[in-house]
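Please read the structure below before turning to the comments.
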Amino acid sequence: MKILKNDLQNELNLRTEKDYPVKGVEFIDITPLVLQKDTLKEITDKFVIELGDKNVDYIVAPEARGFLFGAAVANELNVGLISVRKKGKLPPSTVARQVSYEKEYGADILELPKLVNDTYENKNFYIIDDIYATGNTLKAIKEAIIALGGNVVGEGVVMNIVELNNNKELFSLIDINED
C-alpha cells in the first residue's frame, strides 16, 4: 500500500491482511483509526469542517464500518443518521429502497430504511464511508436516494484507493494506491 495523501496529523496506524476476504484482495483494517481517540476525533472534526456549508439533513452511512464515522459526524452536526444495512437486516416493512451493486469481490444488496415521520423528498444527504475502492457502494446508495426524491450534497470517505476509481469530487482524508 502506497500512501499518496494523508490529511491526518495523528499517527496513521493501519493493518492489512492479504487474501482476505477472498484470495487476491488485500483487506485494509481501519480499526486502529477508531481505537485511537485522538485520531477518531480528528477524522470527525475534518468531516464536520467539510460539511460546514452543505445544509445536510442526514448523514448516510453503509454497513458496517461506515457506521463508525457516520454516527460520530451526525452527532457533531446534530443531524440524523441513516444506517444503510445489508439485505435481511431490516424488517421488510421498514425498507424504503433496495439496491444491488458489484463489489471488488462479489455482488451485494443494501437496503435504505424508511425515515420516521419524514420522506427522502427534498432532503439533503451526505454519504460517509470508510474506504472507497470501485465506488459502487456509494454510487448505488446515491442512485437510491435520488430515486426517492432526495438530494445528495456530497460523498466522503476516510480512505480512497485512487487507482480503482476516477471520482474527482470525492472528499477523502487519505489517498492510497494498492502497490
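Along the sequence shown, the residues carry numbers beginning at 1. Basis for what follows: all heavy atoms, side chains included, without hydrogens, waters or symmetry-related copies.
- Sorted by first and then second residue, the salt bridge (charged side-chain N to carboxylate O under 4.0 Å, His left out) pairs involving residues 76-89 (not counting sequence neighbours) are Glu63-Arg85.
- A salt bridge (charged side-chain N to carboxylate O under 4.0 Å, His left out) check over residues 47-56, counting only residues at least two apart or in different chains, returns the pairs Glu50-Lys54.
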- [ ] Would you sort out whether Thr16 and Phe27 count as a side-chain contact (heavy atoms from CB on, under 4.5 Å), showing the intermediate values?
- [x] CA-CA 5 Å; Thr16 62; Phe27 180 81; over 6 Å; no

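- With a 4.5 Å cut-off on side-chain heavy atoms, Val157 and Ile131 do not count as touching.
- For the 3.5 Å distance criterion, the side chains of Tyr132 and Asn165 fail to qualify, holding no donor opposite an acceptor.
- The ring-ring contact (aromatic ring centres under 6.0 Å, His included) check on Tyr58 picks up Phe125, with sequence neighbours excluded.
- Partners of Ala72 according to the side chain to side chain contact (heavy atoms under 4.5 Å, CB included) rule, which considers only residues two or more places apart in sequence or in another chain, are Thr44.
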Open item on the list: side-chain contact (heavy atoms from CB on, under 4.5 Å) for Leu110 and Gln98? Distances and angles first, verdict last.
Closed with: CA-CA 6 Å; Leu110 293 175; Gln98 203 174 76; over 6 Å; no

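- There is a path of hydrophobic side-chain contacts, each under 4.5 Å, that joins Val34 to Leu12.
- With values rounded to the nearest 0.5 angstrom, Leu8 atom CG is found 4.5 Å from Ile174 atom CD1.
- Between Met159 and Leu173, the closest side-chain pair of non-hydrogen atoms is not below 4.5 Å.
- If you chain together hydrophobic residues whose side chains sit under 4.5 Å apart, Val95 and Leu115 never meet in one group.
- A heavy-atom distance below 4.5 Å is not found between the side chains of Ile59 and Ile82.
- Listed by chain and residue number, Glu155 satisfy the salt bridge (charged side-chain N to carboxylate O under 4.0 Å, His left out) test with Lys142 (two or more places apart in sequence, or in another chain).
- Residues Ile141 and Leu68 are members of separate hydrophobic clusters, defined by side-chain heavy-atom contacts under 4.5 angstrom among Ile, Leu, Val, Met, Phe, Trp and Tyr.
- Atom CG of Asp19 has more than 12 neighbouring heavy atoms from other residues, nucleotides or ligands inside a 6.0 Å radius.
- Minimum heavy-atom separation, Ala140 to Val99: O-CG1, 3.6 Å.
- Of all heavy-atom pairs between Phe67 and Ser83, the closest is CE2-CB, 3.4 Å.
- Under the salt bridge (charged side-chain N to carboxylate O under 4.0 Å, His left out) criterion, Arg65 pairs with Asp130, sequence neighbours left out.
- Applying the salt bridge (charged side-chain N to carboxylate O under 4.0 Å, His left out) rule to Glu143 yields no partners; only residues at least two apart in sequence or on another chain are considered.
- The structure places CG of Leu33 at 10.0 Å from CZ of Arg15, a figure rounded to the nearest 0.5 Å.
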TODO: Start with the C-alpha distance between Ile161 and Glu178, add both sets of side-chain angles, then the distance that settles side-chain contact (heavy atoms from CB on, under 4.5 Å), and finish with yes or no.
DONE: CA-CA 7 Å; Ile161 306 173; Glu178 288 186 319; 3.7 Å; yes

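- Under the rule for a ring-ring contact (aromatic ring centres under 6.0 Å, His included), Tyr126 has no partner lying at least two apart in sequence or in another chain.
- Taking all atoms of both residues into account, the shortest heavy-atom contact from Pro113 to Tyr120 is O-OH, 2.6 Å.
- Under a hydrophobic-cluster definition in which Ile, Leu, Val, Met, Phe, Trp and Tyr are linked whenever side-chain heavy atoms come within less than 4.5 Å, directly or via other members, Leu170 and Val84 are assigned to the same cluster.
- Residue Asp129 holds its CG atom at 11.5 Å from CG of Asn160, rounded to the nearest 0.5 Å.
- Looking at Asn177 and Met1, their side chains never come closer than 4.5 Å, going by heavy atoms from C-beta outward.
- Taking each heavy atom of Lys114 and Ser93 in turn, the nearest pair found is NZ-O, 3.0 Å.
- Take Thr94 and apply the side chain to side chain contact (heavy atoms under 4.5 Å, CB included) test, not counting sequence neighbours, and it matches Leu90, Pro91.
- Between Asp7 atom CG and Lys46 atom NZ the span is 6.0 Å, to the nearest 0.5 Å.
- Every residue two or more places apart in sequence or in another chain that forms a side chain to side chain contact (heavy atoms under 4.5 Å, CB included) with Asn10 is listed here: Asp38, Thr39, Glu42.
- When all heavy atoms are compared, the tightest approach of Gly70 to Ala61 is CA-CB, 4.1 Å.
- Proximity of Ile176 to Leu4: side-chain heavy atoms (C-beta onward) are nowhere separated by under 4.5 Å.
- Thr137 is not listed as a side-chain neighbour of Ile127, based on a closest heavy-atom distance of 4.5 Å or more.
- At a threshold of 4.5 Å between non-hydrogen side-chain atoms, the residues Leu14 and Ile30 count as touching.
- Note: the hydrophobic cluster containing Ile3 also contains Ile28 (ILVMFWY, side chain heavy atoms under 4.5 Å, direct or indirect links).
- Using a 4.5 Å heavy-atom cutoff, the side chains of Tyr101 and Ile109 are not in contact.
- When the side chain to side chain contact (heavy atoms under 4.5 Å, CB included) test is applied to Asn124, the partners found at least two apart in sequence or on another chain are Asn55, Asp57, Asn151, Val153.
- When atom types are taken as modelled, the side chain of Lys23 and the backbone of Lys18 share no donor-acceptor pair closer than 3.5 angstrom.
- For the pair Pro62 and Val60, the tightest heavy-atom approach, listed with the atom from each and the gap, is CD-O, 4.1 Å.
- Using a cut-off of 4.0 Å between Lys/Arg side-chain N and Asp/Glu carboxylate O, Lys123 and Asp118 are scored as salt-bridged.
- Residues satisfying the salt bridge (charged side-chain N to carboxylate O under 4.0 Å, His left out) criterion with Asp108, sequence neighbours excluded, are Lys103.
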